[in-house]
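Structure first, then comments.
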Amino acid sequence: MTSVLELRRTAALRRAAVRATFAPSVHNTQPWRFVLRDGELGVYADRSRRLEVLDPTSRQLTISCGSALMNARVSLASSGFGAKVDRLPDSAHSDLLARITTTDQPDTSAGFAALDSVLELRQTNRRRFDDEQVPAEVLSALEETAAAEHSTLFVVSREEHRVAVARLTRTADVLENADPAYRAEIRAWTTDDPGRRDGVRELAVPYLDGLIQDEVPLRVFDIGGMGSPPPGPHSTRSQCLVVLGTEGDRPIDWLRAGEALERTLLEITKRGFAAGPVTQAVEVPSTRIQLRAELGLTMYPQMLLRIGRAPLSPAARRRRLVDVLVEDA
Amino acid sequence: MDAHPSAALQFPDASKLELDDLIDQLVDRANGVKRSQGRLRALLRAIETVTGDLAIDAVLRNVIEAACELAGARYGALGVIGHDGGLEQFIHVGMDEQTVARIGHLPEGHGLLGALIRRPNPIRLQHMGDDERSTGFPAGHPPMDSFLGVPIRVRGEVFGNLYLTDSAAGEFTAEDEELVGALAMAAGTAVSNGRLLHESRLQQRWLAASVEISAQLLAAVGEDPLRMIARRAIEIADADLVTVGLLTPDAAELMIEVASGAGSDELLGQRFSLEKTLAGRAIEERNPLLLSSSDSTSDADERRSHEASVMDAGPLMVLPLEGAQGVRGVLSLVRARGRRPFSGADLAMASGFASHANVALELADARAVEQRLVLVEDRERIARDLHDHVIQELFAIGLGLEAAVTLLGPGEAAAQSVRQRVVDIDRTIRHIRTSIFELRGPLDTSADGTRRRVLDISADLAPALGFSPRVSFSGLIDNLSADLAEDVAAFVREVLTNVAKHARATYVDLDLTLASDQLTLQVIDDGVGYVENGRLSGLANLRTRAELHGGTFKVFAGHRGGTTVIWKAPLL
Ligand SMILES: Cc1cc2nc3c(=O)[nH]c(=O)nc-3n(C[C@H](O)[C@H](O)[C@H](O)COP(=O)(O)O)c2cc1C
């Protein structure tokens, strides 16, 4: 006979999996699968959804799954459970990225469980941001958040650092777009198809006509001028830019970076701010190396984010639960 | 039966009566006529109040109040008859709250009330206690004596009954019965209009929702259409919980994909067996279910509604979602136990929501196919570009260099290095061909040629290696015989696994060449080498395979570290 407590644990883990699906993912590939079995939730990488051109090493795929893992942890905390997370427990099955079991001590770090309420409000915002500065106390709270997740948040504040980020992002953007395979891949993952549950929506992407060149260009989703929030995001080097990085550069670090990313994004959302990744510079090896050197970073940069205030965008869709959640009785 | 009221106004036979009596009677009758006219005016006023309001509940309350006033009754009530023939609704006036609380439950339609339900004709009694159909009152019920009950018909069907008790005059008269009967008729019309209005308002709201949902079905962003359907359905159908369940990929179970209302958070992602749920029956029968209770005891297979796990489920509708591909899942709407059952009009409306949900699901199927085609086209275009331009240019450069070598003369050192470049170009061309193949390949699910297998194996082992092996092909590798193809797959898997396990390499080059009469497989890595560590044993199997074909298997240490493995087999 299964006890009431066991039923509650299973229900909490199931909810955690459902909440995990709201995580951000590179090109909205949602490269994950969740398996609920024996009171344990497995977070698996679905490598058939890897971006072969942009992400052959699975770095961004793993970051995406790390974000999903963070959502699961937040959900468990809000259900009154703690989460014991075993990261990359089984190297023989490297698709198993994390194994989560519940404990009776929920994570009581300030406001952690409360992040559950903004989980569905978080979104990647590619609009023009207000000129309003992000207050220093918000940024220092975000630094602490990242640190709590074994990562480092570096606020790009010095002018020469801003110039470097802008220049390297432009360089990386040009290099990436010069590759026809990269463009084909991005086109395959950009869509205005109402039937699709994944991919980036054309409407969510700013209108970029190639004439307006932003200082820190957002990724061009090959949209033929169909994007919506006109007239371009006006992404400048004076907006708030942060680099999220990790000490190492192996799958475990990527997973942690994903957790830190999502927790940071949720904290940003909770405070009424918007954010969006601008990651070209950390994707191209040469610009990534230069970024480290020019910003004097010892960590490995994993994500670059712009933060500010902007109106909401329409929400991106998620894959159906029947396609991502498996449960064994 | 009772006399018609106009009979009371006829003059009796004059010869049998004294004149005084006659005059008295005339005065009486004249007063009676006046009074009747007064009461008829009261009836008209009452009908006005009753039909003035179109909200059914207000109409019903007005009917009882007007009837009590008209017939001078102390207590009045109106019972609405449900689908099962019992009393679905019981509205009453004249009793204070304490008394109501003391009685506890409302009548269910037994005794006299039940008699009226079974035979919808007026019943008028001086003492209800004397009637054999009476079953008496529950404890705490105030005493009641005289009784008048008349049916209310709506569009020919008995809708309910109007009950009056305790006439102020001690007993209800035939005239009271006539007047109240007339009022009941007017009430029937008012209820009928009220229903029509309610239905048309519902229709309007449903149309508005329908327009909103249709627009969302065509939008690629924003709220998931299934979610929107659940959200609007719960509000318009006045349900307490609405769920959309989809069949799991093995079609064995139902998973709750979308839920709105009480307990929805807990239901999401939960799976239910088809055999044990009402949803399963709707799917099997491919027909909607409309039940007044979620746990109809008559049900031999004891199926329950899946919603019963999170709420006290009552009336319910379950509609299968069916498209060109067969049944996909269900839409189900539930009210809490004790609430009024769903009507035929509710089911029609729910069917509208279900067809929207079907469109949402079908659209996803159709677009997935289309999307694939777009993807294929894109890849085709790039593949063609690469092939038509890049490879040809490289060929041209290669040919030009070859010509230069001849001009330089073969002995020259410069010629040597140019020749090396030509080999490099050659290899590059082969790499490009491989990527063209990869661009075209993965979408062609029917292809299970040797190249595909080799690429799949390399991709499988990439995580273990920590990088993707570089693979190149030359010749018609896909045309190998079945057993050679098996050997190629075994070779690639074994060798790459070995590298992954032992070599700590940072790259692996895999080359497969089918030239005239020989198949050559070559793997080069920059790892720590195999031979000296005696780890060759795992590869003995590959030697045997080569020898079976009359071929060879060799392992060399590279000059600058690393290992080269060459497997050759002649084609017979
Ligand atoms: C690792 C990673 C990298 C991303 N890189 C970019 C990027 O370079 N440009 C961009 O506009 N969005 C980027 N995104 C955001 C995704 O496109 C976004 O999460 C996805 O479309 C889902 O939308 P949502 O975040 O609004 O839910 C990235 C997300 C992740 C997790």
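Residue numbers start from 1 in every chain, and the chains themselves are labelled A, B, ... in the order their sequence lines are given, proteins ahead of strands.
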Nearest 0.5 Å please: distance from the [atom1] atom of [X] over to the [atom2] atom of [Y].
| X | Y | atom1 | atom2 | result |
| --- | --- | --- | --- | --- |
| A/E327 | B/Q270 | CD | CD | 7.5 Å |
| A/R317 | B/D224 | CZ | CG | 6.0 Å |
| B/T248 | A/L321 | OG1 | CG | 12.5 Å |
| A/R14 | B/L267 | CZ | CG | 9.0 Å |

message: Measuring only between side-chain heavy atoms, which start at C-beta, is A/R15 closer than 4.5 Å to B/L268?
response: no
message: For B/R227, I'd like to know if atom CZ has over 12 heavy atoms of other residues, nucleotides or ligands within 6.0 Å.
response: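 Open.
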Enclosure of A/E40 CD (heavy-atom neighbours >12, cutoff 6.0 Å):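 Enclosed: over 12 neighbouring heavy atoms sit under 6.0 Å from CD of A/E40.
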task: Return the minimal non-hydrogen interatomic distance between B/G222 and A/P314, and the atom names on each side.
output: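 It is N-CB, 3.9 Å.
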query: So which heavy atom on B/L246 is nearest to which on A/V322, and how close?
result: O-CG1, 3.8 Å
query: What part of A/Q123 is in contact with chain B, defined as an atom under 4.5 angstrom from a non-hydrogen atom: side chain, backbone, both or neither?
result: neither
- request: Decide yes or no on side chain to side chain contact (heavy atoms under 4.5 Å, CB included) for A/R320 and B/L226, but give the supporting numbers first.
  value: CA-CA 11 Å; A/R320 296 260 172 244; B/L226 288 187; 3.4 Å; yes
field: Under-4.0 Å salt bridge between A/R318 and B/E257
entry: no
